[in-house]
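Before any comments, here is the structure.
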Number of protein chains: 2
Amino acid sequence: MAAKILIVEDEPAIADLVLLHCKHAGYQAQVVHAVLDARDVVDETLPDLVVLDWMLPDKPGVDFARELRADERTRDLPILMLTARAAEDDKVRGFETGVDDYVTKPFSPKELMARIKALLRRAAPETSDAPLEVSGLKLDPISHRVSGGEQALKLGPTEFRLLRFLMTRPERVMTRQALLDGVWGDHVFIEERTVDVHVRRLRQALEPSGHDRMIETVRGGGYRLKKA
Amino acid sequence: MAAKILIVEDEPAIADLVLLHCKHAGYQAQVVHAVLDARDVVDETLPDLVVLDWMLPDKPGVDFARELRADERTRDLPILMLTARAAEDDKVRGFETGVDDYVTKPFSPKELMARIKALLRRAAPETSDAPLEVSGLKLDPISHRVSGGEQALKLGPTEFRLLRFLMTRPERVMTRQALLDGVWGDHVFIEERTVDVHVRRLRQALEPSGHDRMIETVRGGGYRLKKA
DNA sequence: GTGAGATGTAACAACATCGTAACCTGATTG
DNA sequence: CAATCAGGTTACGATGTTGTTACATCTCAC
């Protein structure tokens, strides 16, 4: 399951360079040349990381970054900014929009790939224990409380971890194996069908507030936490 | 009251990156480039957290970490190690000296900040002697008096420290290990089940005023002091 | 429609967690 | 020294949780 990378870059030489390296590293990469196209691709495929040029024909890259941050669906999508400018001022502006990392041209492909890898490795914002909310369903990792609307919900430990995992990755289809790795641990030996049972239990636990319908089954794919 | 962060890093690019992010996150941050300078700053300002590079011009960062651990004043000062080496071996060496966390370059600024935040939160100071009150339950750290409503309550020493610890962290699920670290001391070797017994005793002591129900059990998680 | 594969559901036995009481030790007190 | 007390550990039973399995139901290609 290779990570999907979207490259937004109008200079062909650079775009090709990055694309090539990404593919070589085993990622599923795709180039677009303008923000307009980028929006479409993000909507359709929801990539795992965006490599974003600062200067683009139709719109500055920072603006697009801001757009991504504004949308719940892409709030945590890692963004790596690519730019010729090295001025301190720009760095500040970049970080203020929530760009995750910053590479100035000319760059070494090796360094770029290392940073991409690092971002992907930690893409899962599981580390943060900020309260989560998806469409009225609230989960607080600190107090371990879950509520749907005004209704307090009672979850078992595994259901809690499962829901937390899903809420940090809304709209994303998670395979049963991915759920086992993420919720149970990387190397456990558990039947995939067990996931189904826990999804069922989680749905049951969410029923009182009606949020059980947020968990969609993707036939042949896995499960997905629907946003609205 | 922003937390003070000291950054010990000789590579300007990285130092700036970290500094920028710290400031952006609202911390009071300062960069020094060598252990020699770091010592001075620590003595003068006693920061709340140190971001420490592994390799420094005058001395390895680990050595400085060891120094900090040896001094009573800085024994509990959180240290986050920054290193280019990814070898497992180094990680072990880092943790052995009492480094609290470890980030390998290249790193995602987002991840770094998340870890800094986590470390700062973990070190949340017990220090204040101000009287505590949570939902009608009152505790005075100075006179060691506890009362629920009009009812005066009688607690043993350990129960008192346990209650105080919980009252400074209401609504937060505390694992048994966290309670052992916080109430008994950081590295004691005591059975986790012992916590249960003391929670039981504390509940019994709170029973006269009915506040015993404030202490909730979180199955598979630990205990939590309910607020309302 | 039919059949095969995928998913939902319920039941179950193994296991883990937790509350509680009892026990033991060492320190303190009178 | 005896009595008391606080604190840590252990044992046991009640209850909750979990992974698996078997069977029901659904979906889709043919």
Side-chain angles (χ1 to χ4, degrees), chain A residues 144-146 152-166 173-208 210-226, chain B residues 144-146 153-166 173-207 210-226:
Chain A
H144 276 217
R145 281 189 207 282
V146 180
L153 299 171
K154 201 168 166 301
L155 273 63
T158 308
E159 287 134 44
F160 181 86
R161 290 199 313 274
L162 176 58
L163 179 59
R164 180 180 180 184
F165 188 82
L166 288 173
V173 177
M174 304 304 297
T175 65
R176 292 177 174 73
Q177 191 54 56
L179 291 170
L180 281 177
D181 289 348
V183 177
W184 276 261
D186 259 323
H187 308 296
V188 291
F189 181 62
I190 293 180
E191 294 294 324
E192 289 203 350
R193 287 312 304 286
T194 298
V195 175
D196 298 27
V197 178
H198 280 275
V199 167
R200 147 92 169 136
R201 285 171 181 161
L202 176 56
R203 277 171 174 157
Q204 234 167 7
L206 297 182
E207 223 164 79
H211 286 85
D212 55 310
R213 280 171 306 172
M214 289 178 62
I215 303 178
E216 292 186 309
T217 304
V218 180
R219 202 180 162 80
Y223 295 95
R224 169 178 51 202
L225 186 75
K226 186 173 58 175
Chain B
H144 276 219
R145 268 186 231 288
V146 180
L153 300 170
K154 197 168 169 304
L155 273 64
T158 307
E159 288 132 47
F160 180 86
R161 290 200 313 275
L162 176 57
L163 179 58
R164 179 181 179 183
F165 189 80
L166 288 173
V173 173
M174 304 303 298
T175 64
R176 292 176 173 72
Q177 192 55 57
L179 291 171
L180 282 176
D181 289 348
V183 177
W184 277 261
D186 253 325
H187 307 298
V188 292
F189 182 61
I190 293 180
E191 293 295 324
E192 290 202 350
R193 291 301 257 103
T194 297
V195 175
D196 298 28
V197 178
H198 281 274
V199 167
R200 148 95 169 134
R201 286 170 181 161
L202 175 55
R203 276 172 174 157
Q204 242 167 2
L206 296 182
E207 221 165 81
H211 286 85
D212 56 310
R213 279 170 308 172
M214 289 178 62
I215 303 178
E216 294 185 318
T217 304
V218 179
R219 209 152 225 280
Y223 294 96
R224 169 181 56 201
L225 186 74
K226 184 171 60 174

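Computed from a prediction, not measured in an experiment: that's the story for all the values here. Note on naming: letters A, B, ... go to the chains in the order of the sequence lines (proteins, then strands), and numbering restarts at 1 for each one.
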field: D/dT9 phosphate, OP1 or OP2, under 4.0 Å from B/Thr194 side-chain N/O
entry: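 For B/Thr194, the contact criterion (side-chain N or O under 4.0 Å from OP1 or OP2 of D/dT9) is met.
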- prompt: Using a cut-off of less than 4.0 Å, is there contact between a side-chain N or O of A/His198 and OP1 or OP2 of D/dG19?
  reply: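 Yes, such a contact exists.
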Between the protein and nucleotides 26-30 of chain D, which nitrogen or oxygen pairs are less than 3.5 angstrom apart?
{"from": "D/dT27", "atom 1": "O4'", "to": "A/Arg219", "atom 2": "NH1", "distance (Å)": "3.4"}
{"from": "D/dT27", "atom 1": "O2", "to": "A/Arg219", "atom 2": "NH2", "distance (Å)": "3.3"}

- prompt: What about B/Arg193: does its side chain form a donor-acceptor pair under 3.5 Å with the base of C/dG19?
  reply: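 Counting by modelled atom types and ignoring angles, a donor-acceptor contact under 3.5 Å is found here.
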message: Going by ring-ring contact (aromatic ring centres under 6.0 Å, His included), name the residues that satisfy it together with A/Tyr223, two or more places apart in sequence or in a different chain.
response: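 If we apply the ring-ring contact (aromatic ring centres under 6.0 Å, His included) test to A/Tyr223, skipping adjacent residues, there are no hits.
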message: Angle between the end axes of the helix from C/dG1-D/dC30 to C/dG30-D/dC1, five pairs per end, to the nearest 10 degrees?
response: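 Answer rounded to 10°: the end axes differ by 20°.
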Among residues at least two apart in sequence or on other chains, which ones pass side-chain hydrogen bond (donor to acceptor under 3.5 Å, both in side chains) with [X]?
{"X": "A/Arg219", "value": "none"}
{"X": "B/Arg145", "value": "none"}
{"X": "B/Thr175", "value": "none"}
{"X": "A/Glu216", "value": "A/Arg224"}

- prompt: B/Phe160 near the nucleic acid: base, sugar-phosphate alone, or nothing, with a heavy-atom cut-off under 4.0 Å?
  reply: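 If one applies the 4.0 Å heavy-atom cut-off, B/Phe160 turns out to touch nothing in the nucleic acid.
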- prompt: A/Gln204: what forms a side chain to side chain contact (heavy atoms under 4.5 Å, CB included) with it, not counting sequence neighbours?
  reply: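 Here the qualifying residues are A/Arg200, A/Glu207.
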- prompt: What residues form a side chain to side chain contact (heavy atoms under 4.5 Å, CB included) with A/Glu192, not counting sequence neighbours?
  reply: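 Only A/Arg176, A/Gln177, A/Leu180 meet the side chain to side chain contact (heavy atoms under 4.5 Å, CB included) criterion with A/Glu192.
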Residues in salt bridge (charged side-chain N to carboxylate O under 4.0 Å, His left out) contact with B/Arg201, at least two apart in sequence or another chain: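 Checked B/Arg201 against salt bridge (charged side-chain N to carboxylate O under 4.0 Å, His left out); zero matches.
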field: Heavy-atom closest pair, residues A/Thr217 and A/Arg203
entry: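 Nearest pair, atom of A/Thr217 first, then A/Arg203: OG1-NH2, 2.8 Å.
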task: Nearest-nucleotide wise, let me know which of A/Gly221 and B/Arg203 is further upstream toward the 5' end of DNA chain C.
output: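 It is A/Gly221, whose closest nucleotide lies nearer the 5' terminus.
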Below 3.5 Å is the cut-off: list the nitrogen or oxygen pairs between protein and nucleotides 10-12 of chain C, distance only.
{"from": "C/dA10", "atom 1": "OP2", "to": "A/Arg200", "atom 2": "NH2", "distance (Å)": "2.0"}

